[in-house]
There are 2 protein chains.
Amino acid sequence: MSTAEETRGGDTEPWSEVTPDAARRLLIAAVEAFAERGYHATTTRDIAGRAGMSPAALYIHYKTKEELLHRISRIGHDRALDILRTAARGEGGPAERLADAVSSFVRWHAGRRTTALVVQYELDALGPEARAEIVALRRQCDAEVRGIIEDGVATGEFEVLDLKGTTLAVLSLCIDVARWFNVDGPRTPDEVGALYADLVLRMVGAKAPAAAQK
Amino acid sequence: MSTAEETRGGDTEPWSEVTPDAARRLLIAAVEAFAERGYHATTTRDIAGRAGMSPAALYIHYKTKEELLHRISRIGHDRALDILRTAARGEGGPAERLADAVSSFVRWHAGRRTTALVVQYELDALGPEARAEIVALRRQCDAEVRGIIEDGVATGEFEVLDLKGTTLAVLSLCIDVARWFNVDGPRTPDEVGALYADLVLRMVGAKAPAAAQK
DNA sequence: GGGCACTCTAAGCGCCCGCTCAGCTTCGGC
DNA sequence: GCCGAAGCTGAGCGGGCGCTTAGAGTGCCC
């Protein structure tokens, strides 16, 4: 039922799961518009226009404007969770896995900035049920990161005073990259990922400081 | 021309500089509405209603809805910059001043969460000129924090690989508190401030780890 | 106590929003 | 070559938006 590529954690072509083609074009147009102006300031006419279609065409593929945001948010959070899970279940020690999680998570927020912006900052525009579904995914993201840090504390490699608070801070730090990252700025997503991995290892008091950077 | 209390860095009663009373009530109502629903999703009727006035009353005190946001943003950024400046020009060493800056900055973002949310996340809703004015203030905030970290590097107390990147990350971490902080949650603003001061000292590789916490 | 500045309201203007619907085109099956 | 399904458009609906205007109420100066 699915091609092989979309089942693994690799960086698949984004939005390939959205079909038919017109629906995907509309969704991509919506991501760009939402990221530029915000959900509420974006009109359905703008979205349809960017996709090269009439305003009415949107409603053939999506019931409402909110359903568009919901689909975007769902797919984005699935991807984010997938990134964190892949890193958390990797082979190295806690420091290596945490550095991996942070650098790849940050790389996604910087490299796919428009998507990440919508996914992370437009949550409140969703209705209660859709929002609850997304919040559950966020909690799973939190649990993955907390798990890695817990492992590090257990082995004595990390030294943290407040596990939940530190986890929250680490995720918050990574997520906020989507707000300030500038594609035309001096840093590449890879560079920011490496910098942030180092900063986070310091935050958890990792014993071997400059070791893990892959 | 001004009472003494508003010239120093103390926690003055917020919005006391906005007069007359009706204008202040409207502005406070706008802060609450913008924080709850976002600038674009907030109607002028909603703002006026919260302030207990008719929709038209808003336009006696403010030319447009955007001017309201501009005033809020300006006052908020002035306050944020004041907080950072006060800490940066304090008496202690770099570690103490950095911890002071982070804890008080975070305390503001948590304790005045609604204001901070609007101030930090609705920047894009401003027009070009107003936006440019606010961006200049943000750069000054950045410079204050960067200055402290530079001092610490100069004295050998801090060890950072990327000064600009680390500064950006520290500010980003603090600002994002406004997004996730929950007034009804388990943490007080003071606790988050203390936690974050510790995390930031770790990020800059401060030598005396658990010393500064006032 | 008349005039005036200030504050606020009721009513509403013009516009654009999310969304709908009747009808046109295209295309595969037989 | 006809038919129905699917995809899409042009026109437009009901409604709420930001903002304006005419005028009423209030208090202060002289």
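The analysis underlying the following values was restricted to heavy atoms, covering all of them including side chains, and did not include hydrogens, waters or symmetry mates. Here the structure is a predicted model, which is why all the values come from computation and not from measurement. Naming: A, B, ... by sequence-line order, numbering from 1 per chain.
Here A:I175 contributes atom CD1 and B:S172 contributes atom OG; the two are 10.5 Å apart, rounded to the nearest 0.5 Å.
Bounding nucleotides for the chain B contact on DNA chain D, 5' to 3', at a heavy-atom distance below 4.0 Å, are D:dC17 to D:dT21.
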Contact string for nucleotides 9-21 of chain C, one letter per nucleotide 5' to 3', B = base within protein heavy-atom range under 4.0 Å, S = sugar-phosphate only, - = neither, reads BB-B----BBBBB
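Scanning for ring-ring contact (aromatic ring centres under 6.0 Å, His included) contacts around A:F158 gives an empty result, with sequence neighbours left out. For B:Y121, the ring-ring contact (aromatic ring centres under 6.0 Å, His included) criterion is met by A:Y121, not counting sequence neighbours. Remark: A:R74 pairs with A:D78, A:E133 by the salt bridge (charged side-chain N to carboxylate O under 4.0 Å, His left out) rule, at least two apart or across chains. In terms of the side chain to side chain contact (heavy atoms under 4.5 Å, CB included) criterion, B:I60 has no residue partners (sequence neighbours excluded). Partners of B:D46 according to the side-chain hydrogen bond (donor to acceptor under 3.5 Å, both in side chains) rule, which considers only residues two or more places apart in sequence or in another chain, are B:R37, B:R50. Every residue two or more places apart in sequence or in another chain that forms a salt bridge (charged side-chain N to carboxylate O under 4.0 Å, His left out) with B:R89 is listed here: B:E144.
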### Query
Where do A:Q120 and A:H109 land on the side chain to side chain contact (heavy atoms under 4.5 Å, CB included) test, with the steps shown first?
CA-CA 9 Å; A:Q120 300 290 6; A:H109 279 80; 3.0 Å; yes
What do the steps show when you test A:W108 against A:T115 for side chain to side chain contact (heavy atoms under 4.5 Å, CB included), and what is the final call? CA-CA 9 Å; A:W108 183 73; A:T115 304; 4.2 Å; yes
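Taken over five-pair windows at either terminus, the axes of the helix from C:dG1-D:dC30 to C:dC30-D:dG1 are inclined to one another by 0° (rounded to 10 degrees).
Taken residue by residue, residues 30-38 of chain A places no heavy atom nearer than 4.0 Å to DNA chain C.
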Expected list for residues 185-193 of chain B: side-chain donor-acceptor pairs under 3.5 angstrom, two or more places apart:
unit_1	atom_1	unit_2	atom_2	d
B:R187	NH1	A:D162	OD2	2.8
B:T188	OG1	B:E191	N	3.1
B:E191	OE1	B:T188	N	3.1

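For residues 57-68 of chain A, every residue pair satisfying the salt bridge (Lys or Arg N to Asp or Glu O under 4.0 Å) rule, not counting sequence neighbours, is listed here: A:E67-A:R71.
Nearest heavy-atom pair, A:D100 versus A:A87, reported as atom, atom and distance to 0.1 Å: C-CB, 3.9 Å.
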